[in-house]
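Data first, discussion second: the structure below is written as structure tokens.
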There are 2 protein chains.
Amino acid sequence: MRSYGEYCSIAKALDVVGDRWTLLIIRELLIRGGCRYTDLKDGLPGIASNLLSDRIRELESAGLVRRENAPPPVATTLFHLTAAGAELLPVLAAIGRWGTRYMMDPADGDEFRGHWFAFPASFFLRDRDPDGPPLSIELRAADSPAVIEIAGGTTHTRLGTAVAPDVVLSGEPRTILALFAGALSAAQAADLGLRIDGDLSALERVLPARADAAADDLTSATRTTRA
Amino acid sequence: MRSYGEYCSIAKALDVVGDRWTLLIIRELLIRGGCRYTDLKDGLPGIASNLLSDRIRELESAGLVRRENAPPPVATTLFHLTAAGAELLPVLAAIGRWGTRYMMDPADGDEFRGHWFAFPASFFLRDRDPDGPPLSIELRAADSPAVIEIAGGTTHTRLGTAVAPDVVLSGEPRTILALFAGALSAAQAADLGLRIDGDLSALERVLPARADAAADDLTSATRTTRA
DNA sequence: CGGCATCCTCTTTGATACTG
DNA sequence: CAGTATCAAAGAGGATGCCG
């Protein structure tokens with residue numbers, strides 16, 4: 001990216017991460033940790049291969065991404081964030097929180113990946129019993145299932161399935177998100193086609209209060225959806 | 001901007017504000033409030049006039065910017081952020097904080113505007129006597145001077161001069177920033193050519209502790225500068 | 001002067017195909 | 001798996017002109 005040439009920390013930051021796709025590559029590496037090239041490509045549907053290759057090299061020379069020649073059984077290159085790259089977490093959190101307002105419209109042909117729930121889960125879910133037993137919630141909203149693991153008050157999301165999930169949610173990403181955001185109760189989400197299997201009380205343990213405060217994160221489109 | 005087509009709040013947000021210049025336009029409107037077209041152009045050195053025009057219209061139709069036909073004595077169009085636009089403040093704050101690491105290198109030909117100090121001032125300055133009298137610090141680091149006003153524990157930066165500033169800082173933006181960030185003491189900054197006029201104790205009232213914690217916001221380049 | 005619109009050139013992106 | 005190569009399309013940058 002051509003530099004803005006401004007002595008301003010915002011402009012300087014955008015000189016480094018303001019290019020198209022760049023922050024989404026950081027998102028992938030933040031959520032998933034070390035990734036193969038093809039993992040990144042799968043998590044960034046629509047990116048051209050040459051562009052991904054370019055961006056990775058730019059991020060490397062900016063010191064935000066590090067390349068590891070992983071030994072067997074991986075036996076291929078893994079891309080990691082450096083400390084400086086990982087420090088973009090608050091940036092992506094702020095952007096993702098702001099962008100939540102755009103998540104309640106139909107979203108017709110949009111691609112979806114289960115691990116993209118990591119940020120919304122960390123925004124919205126709060127363990128009301130942090131000293132209770134660890135909890136795992138399996139999400140089946142896409143080809144690749146994901147698991148939200150809550151233990152000791154912290155939330156972590158990964159791709160894959162859980163051995164013995166407390167709850168399994170199967171349905172549309174939109175419905176799951178509305179449930180997490182407090183815009184829908186579990187019963188309302190179920191009415192809209194979300195399948196909830198397992199321990200409903202475990203789910204209630206982490207869902208936010210259905211106060212207006214939670215609904216404030218969403219736009220009036222939410223209320224239309226709800227109506 | 002072409003949509004990423006991903007059902008992810010980060011991607012959706014970047015669909016709206018991910019274009020080149022867009023977040024810097026928001027920065028200008030956040031710091032300065034209602035702006036004329038030419039104010040924006042002056043605060044975004046290098047932007048092509050047609051691009052500014054395009055971006056403003058995109059931001060308008062996205063509902064982030066509102067146009068006001070200001071009556072005399074302004075007698076021209078003023079651009080304002082809407083509530084949704086102003087909610088990008090945490091996003092710009094996070095980006096600006098992360099970008100601080102790039103602010104300590106020479107920055108040879110970079111443009112500078114005094115009001116760009118608004119974010120750094122809010123990051124770094126803390127009033128240790130919030131019940132004390134209001135404080136104003138005038139900055140003369142560019143063509144257009146700026147004033148940081150601290151009252152009741154809150155910090156506000158605007159363009160212009162103060163009637164009776166408690167302190168006037170004249171010198172390089174870099175040196176002022178290093179002082180604010182706690183990477184330099186007032187004495188060290190003065191040694192490096194920063195002119196400090198007025199009440200030094202008023203300045204010390206808001207400067208951060210020179211702990212390593214403050215210096216952590218800067219890179220090793222800072223330490224090179226300091227040496 | 002303020003707020004654009006036009007024209008032109010150059011760079012970046014996207015889509016697809018191909019390679020070690 | 002991890003990229004290159006190629007080419008068309010879109011976007012950015014710069015100059016200039018227009019119109020109240």
Side-chain angles (χ1 to χ4, degrees), chain A residues 1-6 11 14-25 28-29 32 34-62 65-80 109-111, chain B residues 1-6 11 14-25 28-29 32 34-62 65-80 109-111:
Chain A
M1 157 167 285
R2 186 197 175 100
S3 168
Y4 287 108
E6 298 183 0
L14 293 175
D15 282 347
V16 180
V17 299
D19 264 324
R20 187 161 165 81
W21 294 108
T22 300
L23 281 173
L24 296 185
I25 294 172
E28 288 301 305
L29 293 170
R32 304 183 41 159
C35 282
R36 294 172 300 174
Y37 188 87
T38 34
D39 296 332
L40 287 173
K41 222 177 152 187
D42 176 72
L44 299 163
I47 196 172
S49 190
N50 54 0
L51 214 42
L52 177 55
S53 164
D54 286 356
R55 290 288 180 273
I56 293 174
R57 240 171 304 121
E58 288 163 11
L59 286 170
E60 256 188 290
S61 59
V65 163
R66 172 175 54 84
R67 198 178 285 251
E68 176 201 3
N69 276 328
V74 175
T76 187
T77 310
L78 285 186
F79 299 96
H80 298 268
D110 281 358
E111 299 273 352
Chain B
M1 159 166 286
R2 186 196 173 98
S3 168
Y4 287 109
E6 297 184 0
L14 293 175
D15 282 348
V16 179
V17 297
D19 263 324
R20 186 161 167 79
W21 294 109
T22 301
L23 282 173
L24 296 186
I25 294 172
E28 289 300 305
L29 292 170
R32 304 182 40 158
C35 283
R36 293 173 299 172
Y37 189 86
T38 35
D39 296 333
L40 287 172
K41 221 176 153 189
D42 175 72
L44 299 163
I47 196 172
S49 192
N50 54 359
L51 260 192
L52 177 55
S53 163
D54 285 356
R55 291 287 180 273
I56 293 174
R57 245 172 302 117
E58 288 163 12
L59 286 170
E60 255 188 291
S61 59
V65 163
R66 173 175 53 83
R67 195 180 287 250
E68 177 203 1
N69 276 327
V74 176
T76 186
T77 310
L78 284 186
F79 300 97
H80 298 268
D110 280 359
E111 298 272 353

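No hydrogens, no waters, no symmetry mates; every other heavy atom, side chains included, goes into these values. Only a predicted model underlies this, so the values are computations on that prediction, with no experimental measurement involved. In what follows, chains are A, B, ... by sequence order, proteins preceding strands, each numbered from 1.
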By nearest atom, which of the nucleotides [options] is closest to the [X] side chain?
X	options	value
A:W21	C:dG3, D:dC1, C:dG14	C:dG14
A:R20	C:dG2, D:dC1, C:dG14	C:dG14
A:R2	C:dT13, D:dA2, D:dG14	D:dG14
A:T76	C:dG3, D:dG3, D:dA2	D:dA2

Euclidean distance, atom [atom1] of residue [X] to atom [atom2] of [N] [Å, nearest integer]:
X	N	atom1	atom2	result
A:Y37	D:dA2	OH	C1'	6 Å
B:E58	C:dC4	CD	C1'	15 Å
A:D15	D:dA12	CG	P	15 Å
B:M1	C:dT13	CE	C1'	11 Å
B:L52	C:dA5	CG	P	12 Å
A:D19	C:dG14	CG	P	11 Å
B:R55	C:dG3	CZ	C1'	17 Å
A:R57	C:dT12	CZ	C1'	15 Å

Check: [Y] main-chain N/O paired with [X] side-chain donor or acceptor under 3.5 Å:
X	Y	result
A:R20	B:R2	yes
B:N69	B:T77	no
A:Y4	B:W21	yes
B:D19	B:R55	no

Kindly indicate whether the side chain of [X], heavy atoms from C-beta on, has any atom under 4.5 Å from the side chain of [Y].
X	Y	result
A:I47	A:K41	yes
B:E60	B:R66	no
B:L24	A:E6	yes

**Item:** Any B:S53 side-chain nitrogen or oxygen under 4.0 Å from OP1 or OP2 of C:dG3
**Value:** no
**Request:** Using the test side-chain hydrogen bond (donor to acceptor under 3.5 Å, both in side chains), find all partners of B:Y37 that sit at least two apart in sequence or belong to another chain.
**Result:** B:S49
**Request:** Take B:F79 and B:R36, measure what side-chain contact (heavy atoms from CB on, under 4.5 Å) needs, and give me the verdict at the end.
**Result:** CA-CA 6 Å; B:F79 300 97; B:R36 293 173 299 172; over 6 Å; no
**Sub-4.0 Å heavy-atom contacts from residues 39-51 of chain A onto DNA chain C, ordered by number** = A:G46, A:A48, A:N50, A:L51
Report all interatomic pairs (protein N or O, nucleotide N or O of nucleotides 18-20 of chain D) with separations under 3.5 Å.
none

